[in-house]
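Data block below; observations after.
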Amino acid sequence: MKKLPIGVQDFVKIREQNYLYVDKTGKLLELIEQGERYFLSRPRRFGKSLMLSTLDAMFSGRVELFKELAAEEWVCEQEHNPSPVLRFDISSLKLTGPTTIEQALTEMLERTARKYKVELHSQSMTGKLIDLIEEISSKGQVVVLIDEYDKPILDNLSKIV
């Protein structure tokens, strides 16, 4: 009997630890094949993080996780030429005020650049992101996944009002 993944937002953990998973990879394939950019706004606790985790595994070619799922064949093809995935989880930033947001995001970009062994030359946060994407695009189509983009706003809403 499979365990219920209550509070589990990590696709890899769900698949590797034999949690119950309702296959939505067919719908994700539709998104991938029908467009280029998406902004998905859904209520909190509605599966956005799990969806991004699943997309990360798909584009990374983690074929072992997709056995008997709708996206298995697509991921098998992706395994031979995985896309570089830039996954930013804004909730992981330790923010104490508005002046630290840019600094924290810049540090996140710099950590990601080190992971891909890329040197960032721009001084601005936007420039660093562009540098990073341009450098790793030689390895394939770059996939940018941003999770919990609204967390700093929600955490500081009472300070604004």
Side-chain angles (χ1 to χ4, degrees), residues 1-79 82-98 100-116 125 128-129 132-133 136 139-159:
M1 179 141 186
K2 293 193 180 266
K3 304 175 278 187
L4 291 177
I6 297 171
V8 181
Q9 302 172 40
D10 181 17
F11 178 74
V12 174
K13 182 175 183 177
I14 287 173
R15 296 296 286 170
E16 288 181 346
Q17 295 185 12
N18 202 31
Y19 281 96
L20 177 67
Y21 178 72
V22 177
D23 185 13
K24 296 177 242 48
T25 61
K27 290 292 181 193
L28 292 178
L29 282 175
E30 288 178 28
L31 284 175
I32 292 167
E33 292 168 355
Q34 292 176 4
E36 290 183 6
R37 294 178 187 94
Y38 290 99
F39 173 79
L40 299 173
S41 177
R42 296 161 75 182
R44 291 191 56 72
R45 311 298 305 157
F46 212 79
K48 293 181 300 288
S49 295
L50 176 58
M51 180 185 67
L52 293 183
S53 176
T54 306
L55 286 168
D56 187 345
M58 288 173 72
F59 280 102
S60 298
R62 300 280 312 269
V63 71
E64 74 280 4
L65 301 172
F66 291 88
K67 299 286 186 223
E68 301 178 9
L69 297 181
E72 181 177 8
E73 186 178 324
W74 187 89
V75 176
C76 282
E77 292 174 24
Q78 196 68 17
E79 179 185 33
S83 296
V85 177
L86 302 179
R87 185 160 174 212
F88 302 110
D89 182 354
I90 306 305
S91 70
S92 69
L93 302 178
K94 304 298 179 223
L95 303 173
T96 56
T100 64
I101 292 173
E102 186 170 349
Q103 179 183 356
L105 289 171
T106 299
E107 289 170 7
M108 182 181 277
L109 284 170
E110 290 169 350
R111 276 194 310 275
T112 305
R114 285 191 298 274
K115 172 185 166 187
Y116 283 99
M125 182 179 58
K128 288 177 187 292
L129 177 60
L132 181 59
I133 291 171
I136 64 174
K139 298 175 175 136
Q141 174 188 3
V142 179
V143 176
V144 180
L145 304 172
I146 303 172
D147 199 8
E148 299 287 346
Y149 62 89
D150 58 344
K151 183 90 165 79
I153 296 167
L154 295 174
D155 286 349
N156 292 287
L157 201 53
S158 64
K159 297 173 188 171

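The model shown is predicted, which means the values in this text are computed figures rather than measured ones.
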Q. How far does CG of Leu69 sit from CG of Asp23, to the nearest 0.5 angstrom?
A. 4.5 Å

Q. Among pairs that include at least one residue of residues 50-67, which meet salt bridge (Lys or Arg N to Asp or Glu O under 4.0 Å), considering only residues two or more places apart or in two chains?
A. Glu16-Arg62, Asp56-Arg87, Arg62-Glu64

**Q.** Min side-chain heavy-atom separation Gln9-Ile14 under 4.5 Å
**A.** no

Q.
Less than 4.5 Å apart, side chain to side chain, heavy atoms only: is that true for Asp89 and Leu145?
A. no

Q: Working to the nearest 0.5 Å, report the span between CG of Leu29 and CD of Gln34.
A: 10.5 Å

Q.
Determine whether Tyr21 and Lys2 satisfy the following criterion, side-chain contact (heavy atoms from CB on, under 4.5 Å), listing intermediate values before the conclusion.
A. CA-CA 9 Å; Tyr21 178 72; Lys2 293 193 180 266; over 6 Å; no

Q: Step through the shown structure and confirm whether more than 12 heavy atoms of other residues, nucleotides or ligands are within 6.0 Å of NZ on Lys3.
A: yes

Q | Residues Gln78 and Ser83: side-chain donor-acceptor under 3.5 angstrom | A | yes

Q. Counting distance only, does the side-chain N/O of Thr25 pair as donor-acceptor with the main-chain N or O of Ala71 below 3.5 Å?
A. yes

Q.
Could you check whether any side-chain heavy atom of Leu105 comes within less than 4.5 Å of a side-chain heavy atom of Phe88, counting everything from C-beta outward?
A. no

Q) Tyr19 versus Lys13: any side-chain heavy-atom pair under 4.5 Å? A) yes

Q | Atom of Pro82, atom of Gly61 and distance for their closest heavy-atom approach | A | CB-N, 4.4 Å

Q: Would you mind reporting whether Asp147 and Ile90 have side-chain heavy atoms less than 4.5 Å apart?
A: no

Q) Counting distance only, does the side-chain N/O of Thr54 pair as donor-acceptor with the main-chain N or O of Leu50 below 3.5 Å? A) yes

Q: Answer whether the closest heavy-atom distance between the side chains of Arg111 and Arg114 falls below 4.5 Å.
A: yes

Q) Do other residues, nucleotides or ligands put more than 12 heavy atoms under 6.0 Å from the CD atom of Glu73? A) no

Q: Flag the pair Leu86 / Tyr116 as yes when at least one side-chain heavy-atom distance between them is below 4.5 Å, and no otherwise.
A: yes

**Q.** Pair Leu55-Val143, side-chain contact (heavy atoms from CB on, under 4.5 Å): steps then yes or no
**A.** CA-CA 9 Å; Leu55 286 168; Val143 176; 5.9 Å; no

Q: Nearest 0.5 Å please: distance from the CD atom of Glu79 over to the OG atom of Ser60.
A: 11.5 Å

**Q.** Check against side-chain contact (heavy atoms from CB on, under 4.5 Å), Phe11 and Leu52
**A.** CA-CA 9 Å; Phe11 178 74; Leu52 293 183; over 6 Å; no

(Q) If you apply the rule side-chain contact (heavy atoms from CB on, under 4.5 Å), what do you find for Phe59 with Val75, and how did you get there? (A) CA-CA 7 Å; Phe59 280 102; Val75 176; over 6 Å; no

**Q.** Over 12 foreign heavy atoms within 6.0 Å of NZ, Lys27
**A.** no

Q. Where do Glu72 and Phe66 come nearest, in terms of heavy atoms and distance?
A. CB-O, 3.2 Å

Q: Over all heavy atoms of both residues, which pair between Gly26 and Ala70 is shortest? Give the atoms and the distance, please.
A: N-CB, 3.6 Å

(Q) How long is the straight-line distance from CD1 of Ile32 back to CG of Leu28, given to the nearest 0.5 Å? (A) 6.0 Å

